*Asks:* 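One structure, pasted below without further comment.
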Amino acid sequence: MPTTTVVLFCFAAFSVGGQLIPKIVTGEEIPWYLLPTGIAPLIMTTFFEEFLFRGFVQSKVEQQFGGLPAILVSGLMFSLYHLGYPGFRTLGNILLLLGVGLGFAIAYKLSGNNLIVSYFVNLPNAFVTYMLKYNQFTVMKFSSTIAAIITLILIILAALKIHRNDLRE
């Protein structure tokens with residue numbers, strides 16, 4: 001089984017399953033109805049997190065200092081970034097986010113620095129976290145979804161333009 005598949009499976013099992021299974025077992029209600037409101041904003045946020053923390057920071061630090069320091073810096077920056085969300089400012093949440101950030105950084109490294117793999121490791125976790133801890137996030141409204149969709153369209157158009165230019169060269 002390829003490393004990327006193992007990384008995706010393990011992270012989904014531990015992260016997503018680790019959050020959902022205890023709630024399902026105890027009979028807690030999972031607010032699935034929140035998911036449609038968060039889809040576009042979470043896709044956009046996850047893209048920027050992966051591009052910034054793994055694609056840029058981790059890659060640059062690894063070039064200069066090696067793999068382990070890159071993973072540590074990426075994980076630490078990911079956790080500190082979340083101080084911008086008032087609901088995530090407790091020490092416990094910052095430490096949890098440090099662990100999650102380290103997990104994302106390790107997934108990126110184990111997948112051969114593949115942003116697509118780390119994106120699909122991060123995205124299911126973002127969906128589940130939003131549904132289970134929605135009160136810690138900024139309220140997502142219809143306007144958030146529209147803004148996220150417009151941003152995603154602009155990203156896709158820019159990527160297509162860059163790709164076309166690369167093909168011409």
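Since we're looking at a predicted model, the values are computed, not measured.
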*Asks:* ring-ring contact (aromatic ring centres under 6.0 Å, His included) with F78: which residues, sequence neighbours excluded?
*Replies:*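 Checked F78 against ring-ring contact (aromatic ring centres under 6.0 Å, His included); matches are F53, H82, F104.
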*Asks:* Can you tell me how far CD1 of I150 sits from OG1 of T145, rounded to the nearest 0.5 angstrom?
*Replies:* 11.0 Å
*Asks:* Ignoring hydrogens and geometry beyond distance, is a side-chain donor-acceptor pair present between Y108 and S59 at under 3.5 Å?
*Replies:*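 Checked: Y108/S59 side chains pair up, N/O donor to acceptor below 3.5 Å.
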*Asks:* Any donor-acceptor pair under 3.5 Å linking the side chain of S74 with the backbone of A105?
*Replies:*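 Not confirmed, S74 side chain does not pair with A105 backbone.
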*Asks:* What pairs with K23 under salt bridge (Lys or Arg N to Asp or Glu O under 4.0 Å), at least two apart in sequence or on another chain?
*Replies:* E28
*Asks:* Strictly by salt bridge (charged side-chain N to carboxylate O under 4.0 Å, His left out), give each pair with a member in residues 62-78 just once, sequence neighbours left out.
*Replies:*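 For residues 62-78: E62-K109.
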*Asks:* Among residues at least two apart in sequence or on other chains, which ones pass side-chain hydrogen bond (donor to acceptor under 3.5 Å, both in side chains) with T90?
*Replies:*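 By the side-chain hydrogen bond (donor to acceptor under 3.5 Å, both in side chains) rule, T90 matches N93.
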*Asks:* Ignoring hydrogens and angles, write down the donor-acceptor pairs under 3.5 Å from the side chains of residues 41-48, residues two or more places apart or on other chains.
*Replies:*
residue, atom, partner, partner atom, Å
T45, OG1, P41, O, 2.8
T46, OG1, L42, O, 2.7

*Asks:* Any idea which heavy atoms bring L102 and I71 closest together, and the distance?
*Replies:* CD2-O, 3.5 Å
*Asks:* What pairs of residues pass the salt bridge (charged side-chain N to carboxylate O under 4.0 Å, His left out) test when at least one of them lies in residues 146-165, not counting sequence neighbours?
*Replies:*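 Applying salt bridge (charged side-chain N to carboxylate O under 4.0 Å, His left out) to every pair that reaches into residues 146-165, excluding sequence neighbours, yields nothing.
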*Asks:* Could you see if L20 belongs to whatever hydrophobic cluster contains L35? Use Ile, Leu, Val, Met, Phe, Trp, Tyr and a side-chain cutoff under 4.5 Å.
*Replies:*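 Yes, same cluster.
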*Asks:* Quick check for you: to the nearest 0.5 Å, what is the distance between L98 atom CG and S79 atom OG?
*Replies:* 4.5 Å
